[in-house]
Amino acid sequence: MAAKISYADVEVGTELPAQSFRVDRATLVRYAGASGDFNPIHWNEKFAKEVGLPDVIAHGMFTMAEAIRVVTDWAGDPATVVEYGVRFTKPVVVPNDDKGAVIEVSGKIAAMLDDEARTVRVDLVAMNEGRKVLGMSRAVVRLA
């Protein structure tokens, strides 16, 4: 696959399509199995509360992975992401109900980095329950 978005077709301020990602307890169990991260704060409500959390929380790396999907879906190819980093600011609390939690992610082109390499910086905003859950969420993306 290759990038489907052309460097010539974007500019600073171009917004990527926002997406919402639902996460429930079953999602956390599947992610724990895939990642090998079985920390009980991600699946054991009693333990999470004993250590001072309001409830079970989503894995930070899971939240990070969901956020970058806005970029990879927009660009058309995960390999277009050259660099990606975030700061974990707030946990995504996942209640034990039929709804779970929702991570809402938006993004926009924040900088045109290199005309020759066709790279841009995309800044992402990831929210849950009106709170920013990732800070300094930035990706460098190589476009077509």
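Everything numeric here is computed off the predicted structure, so don't read it as measured data.
Annotation: the span from Lys132 atom NZ to Arg87 atom CZ amounts to 11.0 Å, rounded to 0.5 Å. Rounded to the nearest 0.5 Å, atoms OG1 (Thr14) and CD1 (Ile5) are 9.5 Å apart. A distance of 5.0 Å separates NZ of Lys49 from CG of Asp55, quoted to the nearest 0.5 Å. With rounding to the nearest 0.5 Å, the separation of CE in Met127 from CG in Leu134 is 11.0 Å. Interatomic distance, CG of Leu124 versus CE of Met64, reported as 10.0 Å (0.5 Å rounding). Atom OG1 of Thr63 and atom CD1 of Ile103 lie 4.0 Å apart (nearest 0.5 Å).
Between the side chain of Arg22 and the main chain of Lys99, a donor-acceptor pair closer than 3.5 Å is present. Side-chain N or O atoms of His59 include one that pairs as donor or acceptor with a backbone N or O of Asp37 at under 3.5 Å. Put simply, the side chain of Trp43 gets close to the backbone of Phe38: a donor and an acceptor are under 3.5 Å apart. A donor-acceptor pair under 3.5 Å is formed between the side chain of Arg25 and the backbone N or O of Val94. Of the possible polar contacts, one joining the Arg118 side chain to the Leu143 backbone as a donor-acceptor pair under 3.5 Å is found. Between the Thr89 side chain and the Val133 main chain, a donor and an acceptor come within less than 3.5 Å of each other.
Between Ile41 and the choices Val56, Leu53, Leu28, the side-chain contact (heavy atoms from CB on, under 4.5 Å) rule is met once, by Leu53.
Side-chain contact check for Ile109 versus Val122: some heavy-atom pair is nearer than 4.5 Å. For the pair Phe88 and Met61, the minimum side-chain heavy-atom distance is below 4.5 Å. Proximity of His42 to Ile57: side-chain heavy atoms (C-beta onward) are separated by under 4.5 Å at one or more points. In this structure, Glu129 and Val93 have side chains that are not in contact, with every pair of non-hydrogen atoms separated by 4.5 Å or more. Looking at Asp114 and Arg142, their side chains never come closer than 4.5 Å, going by heavy atoms from C-beta outward. Looking at heavy atoms from C-beta onward, Phe21 lies out of side-chain contact with Thr27 at the 4.5 angstrom threshold.
In terms of heavy atoms, Val105 sits closest to Ala126 at CG2-CB, 4.2 Å. Here the closest non-hydrogen pair linking Pro78 and Thr72 is CA-CG2, 3.6 Å. Scanning both residues, Ala139 and Ile68, for their nearest heavy atoms gives CB-CD1, 3.8 Å.
The local environment of CD in Glu50 is crowded, with over 12 non-hydrogen atoms from other residues, nucleotides or ligands closer than 6.0 Å.
Aromatic ring pairs are classed by plane angle as parallel below 30°, tilted from 30° to 60° and perpendicular above 60°; the pair Phe62 and Tyr31 is perpendicular.
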